[in-house]
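A short worksheet on the structure shown next.
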There are 2 protein chains.
Amino acid sequence: MTLIKKTFLTVLLFISCSILAQSNLKEKYNLMPWPQEIKENQEKFKITPDFTISVEGKSKRVINATTNFLRRLSGRTGVFIDEGFAFEKGQIKSPSLEIKFDKEIKLGLNKDESYSLDITNQKISITAKTDVGALRALETLLQLVDYNTESFYFSGVLIKDNPRFVWRGLMIDVARHFQPIAVIKRNLDAMASVKMNVFHWHLTDDQGFRIYSKTYPNLHKLGSDGLYYTHAQIKDVIEYANLRGIRVIPEIDVPGHASAFLTAYPEIGSKETSYQIERYAGIFDPTLDPTNDKTYEFLDNLFKEITPLFPDEYFHIGGDENEGKHWDANQKIQEFKKQHNLKTNHDLQTYFNIKLEKILKKYNKKLMGWDEIMTPNMPTTAVIHSWRGENEGLSKGGTLIEAARKGYNTVLSNGFYIDRMQPVEEHYLVEPIGDEKLSKEERKRILGGEATMWSELVTPLTIDSRIWPRTAAIAERFWSSKNVRDVNNMQKRLKVVSYQLEELGITHLKNKDAILRNITRNQNTNALKILSNISEPLKIYTRNKGGTEYKSFSPFTLFADACTSDAEDGISFKKVVDRYIKDQNSKSKEELILYFNKWKEGFKEFKKLDMSPVLTQIEPSYSYLAEFSKIISLVLEDGYSKSKEASLNKIVKKLQEPFVDVELIIVSDLDRLLEFFRKK
Amino acid sequence: MTLIKKTFLTVLLFISCSILAQSNLKEKYNLMPWPQEIKENQEKFKITPDFTISVEGKSKRVINATTNFLRRLSGRTGVFIDEGFAFEKGQIKSPSLEIKFDKEIKLGLNKDESYSLDITNQKISITAKTDVGALRALETLLQLVDYNTESFYFSGVLIKDNPRFVWRGLMIDVARHFQPIAVIKRNLDAMASVKMNVFHWHLTDDQGFRIYSKTYPNLHKLGSDGLYYTHAQIKDVIEYANLRGIRVIPEIDVPGHASAFLTAYPEIGSKETSYQIERYAGIFDPTLDPTNDKTYEFLDNLFKEITPLFPDEYFHIGGDENEGKHWDANQKIQEFKKQHNLKTNHDLQTYFNIKLEKILKKYNKKLMGWDEIMTPNMPTTAVIHSWRGENEGLSKGGTLIEAARKGYNTVLSNGFYIDRMQPVEEHYLVEPIGDEKLSKEERKRILGGEATMWSELVTPLTIDSRIWPRTAAIAERFWSSKNVRDVNNMQKRLKVVSYQLEELGITHLKNKDAILRNITRNQNTNALKILSNISEPLKIYTRNKGGTEYKSFSPFTLFADACTSDAEDGISFKKVVDRYIKDQNSKSKEELILYFNKWKEGFKEFKKLDMSPVLTQIEPSYSYLAEFSKIISLVLEDGYSKSKEASLNKIVKKLQEPFVDVELIIVSDLDRLLEFFRKK
């Protein structure tokens, strides 16, 4: 064996061991996002009432974060920590936790968020280049709280960490359903807890214009149903986000998605008509008139008023989904296109975008827009927000890669549309860059990604359960190494992160019960809980066919709203079926029967409820499930028969049908079981 | 039988029947507060998608209330109501609900809140003198939603209603634990739902000064830990309350309760010292100096800034619990007292109050204060807020009656201290006037009452569960007739009102589960739920002995915080014990055994949990409960014996001991059972 070979093998062994060690650590610790480097030291720092923090460096953010850290630590462990606030360095001897950072920064692109965290029996140290790095470290530290019978403690580790992408965002659409400040704030807290750093605030759409405007007061007066943010509230949110190291990017969506806008000021619309706030979901025709000088004067004035509220240098102008129907129908606009040699509506929109880019530049803002804005003449100062893409943008990157190659900074949302109600693993496994060969410069232009919470089907009651916990896994995709992608392990860690989000006020767990109490009019909710654990809301926009089944004020307090993606028993039942098909031993059979008994018993409990019209609609499917469970239990006990097969086949077809806007997520597993018996 | 006798008997019969009918109706409908007059008509108004509202009369409040009404109705029933907003009269033919009122009012004392509500198969009509009356009617209507298998409907009744007292308040202390705007708003919604009309905002205390001040910025900068309301937020809350027909009375507590105040501006304190924000609970010494002209100049400037924010004519200056220790210790103040012939500290405080009264008058405010301010020289323009009183203020009225007789308007809070964690019936049965003979004028001066939510031991996580549902029963005391006081029936109605509060975002039910998930670190919470259903937080300030067990930043996320007054199984277990002692038949025996089995099984489940220090503390008592349950089950099955008696006596003593700040509410019933067996 040559020396080179030997070295190679040693290195290989080292890498393998370290990968193995890392995956063992991933079983042991519930960190999310997973850090870049972590080493165990078998030590423990006990959490006791004399826990103290000292801070070296001046930063409002760290003062705020350490206070919140102490509250959360105390709340989670029940330890009555005697000192409720951090000290400045030197004020106390031997603090439990010592935080050091070089400087307080102004938030923006490409800021350093790296940190190191060192936990031993005696002491905890956090070191960072910036105050924001220190914030990220504090969140990691809180994820390291563990316990035994005697005490709570921080697990001894040494972590060195920094993000893979500089843009790790969550977009919340507050236009289709307005979200009060409290909703935004608790989601900012949750974002910070998984190290996200961009809040993209989708403020306007056909269904509402959600900012107060002094210059054009009809925007909020006629365009919002009274549901809008004051400037003071916007500043408050921005400061709240800033304290958590989160940038705020506003979006005023133009020239399309303009129904609410034009309800207030029809004179800059592309059609001579009166407009109305849109109550349905979908793509609508109302569009600003890009050939009218008044449109630019209007937007200039509006941006002049609004841009100073938002300190970030980026400003999102939407620019998506304009089909240009009102442009086609407008003779004047058609003539304008000819005069200016604009061949397509897309060209006309580019004309519009370029003008906007200049207006925004005046106010020191860089334009960001959905990927429709990427046209040949668009300056590369713009940021392209990729929401579509070839191959669904997965691994091949779609418009993301194209934008980076063309010289644009770019952010990926394709694959991260959490409103589609898909399982977490589908988002988690989206790899923004994949194996694309990019130059260093091109790579740098890929800023990161954003989960998008479009709000057609969510209200303040349900929005948290649509964002979380899945967004925590997406946050990991944006922060952690590309090779952190073990779905099973992610799901294990996510379960822990999920309930910890409750300490930040996230309502995804508790509002489920509240909705079930509402549906049953405060009767026993157990029957519905059992059913909801295998039911998921219809996916990928099938819940609201054509966008006209739900209006914005339709009820979102029903069974589908209590259900979520990744239904709890769905995953575990699938595994039980796998096991049974593989081994058919008595253990896996028993496990299967436990599930079927649960569903039979669930239906029995359900039948005891006082029936309302809401419950009546759930009954048929639940009854089929109970019937299926009964017969398949007999099959498991006494064997398969033709008559049972016939019944089961019939029932499973019924179970395939959606009911009250949900689908039974176990149906494909039931099918697999039947298939198995058939072949046996 | 003479004609007179006959008439008399007929009248008597009529009255008896009508009382009987009313109490039957109380079993049937879950209205709270119970209306003054209600008649059934056996009709039903079905709730269908074509439900519409028309409004005759102009009022922002009614526009807002009808929109919210439609959302709640739709959310509760799942009916997709097609029209999301009310119409003006004449805009639609045959509306489902027709609302008529004479005028929109400015809120204040003695405004008309009466209404009538008429529900038939065809139509619902609301008639009121004022827009606020219409609001009250809409809440009654929402409480009349019922259902059968086919549909949701409003029960056909004719109601004529008006309040007994004009002041029906809830005080929330945001000083000891800050409460964010969202907490205040959801509580305003809940107040409106039970027709309360005064929100008393206790804004300052030793533990925090919670308003931004431009004039004296150190008040919020140094006196609040950063937890205060901006003026914009205060205006927002006032408008929110106003839209719900709720007045907002601010309280700036002076001259005592001033630690936070003097932390910011020690120069107007009574002691030359530096002050600090108080972290504990109790009565503290820091007090403004009433002999210092600068104090009045300061308060004048402060009130000049703050009073315009609050449109109500009343302004609460606290004035309670000043023991004057710093006055006694200050030579200068002692001399001042001599010079001005002020014999006692009480006299000095009156001197202070009278000066304040004049300052407030300048700003068109009437002074309101806790009952300590009622001294011989205090002008009768002041409102006396009675919190102490002879006979605990019950029926004899205490300072309330005294104040009314002396010519003051007065409001009762004695008996309504919901922070004492007493059972709802104790508050419910407090009768403000009782059999006191009052002149018409005196009676008119008794404005009503206020439930007080002092916040030493509550945080945003738990405050709702301390206010609700008990405050709904108190609201009934303030609104309904004196003779509405059947506790069993109130409890039946309260249970329904309680879960309906969830639709307003009140968190009393859902946060219980969230806390139990926190305590178990997301393990099975069933064992703790069983225990919490018979555990109540220690009452009447015994939870925080001497005020020094809890600091303001101590954890309020533990078992005691998941528990509430009126523990669910406490009341029902008591009834089962009653029945068993009375009849000892097999049914009541079985019922008893069911409870004991539940507790045994609960402990078994508990033992399966991974133990943390938090759970370890709960274990001994739970284990005693399980042991007691085991032995008493044997007694029930096999009979009593000396050895069993000895064991049970020993264990019950253990169960009498509080643990983790709760007490087992069933202990006295266990005692009764033992007593019964002993005597048998």
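In what follows, chains are A, B, ... by sequence order, proteins preceding strands, each numbered from 1. Computation of the quantities below employed the complete heavy-atom set of this structure, encompassing side-chain atoms and omitting hydrogens, waters and symmetry-equivalent molecules.
Heavy-atom distances place no part of A:Asp561 under 4.5 Å from chain B, backbone and side chain included. Heavy atoms of A:Glu502 lying under 4.5 Å from chain B belong exclusively to its side chain. With a threshold of 4.5 angstrom between heavy atoms, B:Arg517 approaches chain A through its backbone and through its side chain. Using a 4.5 Å cut-off between heavy atoms, B:Asp236 contacts chain A through its side chain alone, with no backbone atom that close. Both the backbone and the side chain of A:Arg521 come within contact range of chain B, judged by heavy atoms closer than 4.5 Å. Heavy atoms closer than 4.5 Å to chain A are found nowhere in B:Glu619, neither backbone nor side chain. For A:Arg76, the parts lying under 4.5 angstrom from a heavy atom of chain B are both the backbone and the side chain. For A:Thr616, the part sitting under 4.5 Å from any heavy atom of chain B is the side chain, from C-beta outward, and nothing else. Contacts of A:Ala232 with chain B are made by side-chain atoms alone, with heavy-atom separations under 4.5 Å and no backbone atom involved. Using a 4.5 Å cut-off between heavy atoms, B:Leu558 contacts chain A through its side chain alone, with no backbone atom that close.
Side-chain N or O atoms of B:Lys551 include one that pairs as donor or acceptor with a backbone N or O of A:Asp82 at under 3.5 Å. Checked by atom type and distance alone, the side chain of A:Asn148 never pairs as donor or acceptor with a backbone atom of B:Ser612 at under 3.5 Å.
Comparing A:Leu461, A:Ile515, A:Leu509 by how many heavy-atom pairs each has under 4.5 Å with chain B, the most go to A:Leu509. Looking only at heavy-atom pairs under 4.5 Å with chain B, the residue among A:Glu503, A:Glu150, A:Gln233 that has the most is A:Glu150.
Taking each heavy atom of B:Thr77 and A:Val614 in turn, the nearest pair found is O-CG2, 3.3 Å. Between B:Thr520 and A:Tyr147, the shortest heavy-atom contact is O-OH, 4.5 Å. Scanning all heavy atoms of the two residues, the minimum distance from B:Ser554 to A:Ser74 falls at C-OG, 4.2 Å.
Applying the 6.0 Å contact sphere to CD of B:Glu568 captures no more than 12 heavy atoms from other residues, nucleotides or ligands. Heavy atoms from other residues, nucleotides or ligands lying under 6.0 Å from CD of B:Glu549 number more than 12.
Of the candidates A:Thr507, A:Asn511, A:Asp513, A:Asn511 is the only one forming a side-chain hydrogen bond (donor to acceptor under 3.5 Å, both in side chains) with B:Lys510. Of the candidates A:Tyr550, A:Phe553, A:Phe556, A:Tyr550 is the only one forming a ring pair (Phe, Tyr, Trp, His ring centres under 6.0 Å) with B:Phe80.
Atom OG1 in B:Thr557 sits 13.0 Å away from atom CZ in A:Arg72 (nearest 0.5 Å).
Remark: A:Glu278 engages no residue in a salt bridge (Lys or Arg N to Asp or Glu O under 4.0 Å) (not counting sequence neighbours).
Using a 4.5 Å cut-off between non-hydrogen atoms, the part of residues 492-501 of chain A that approaches chain B consists of A:Lys495, A:Tyr499, A:Gln500.
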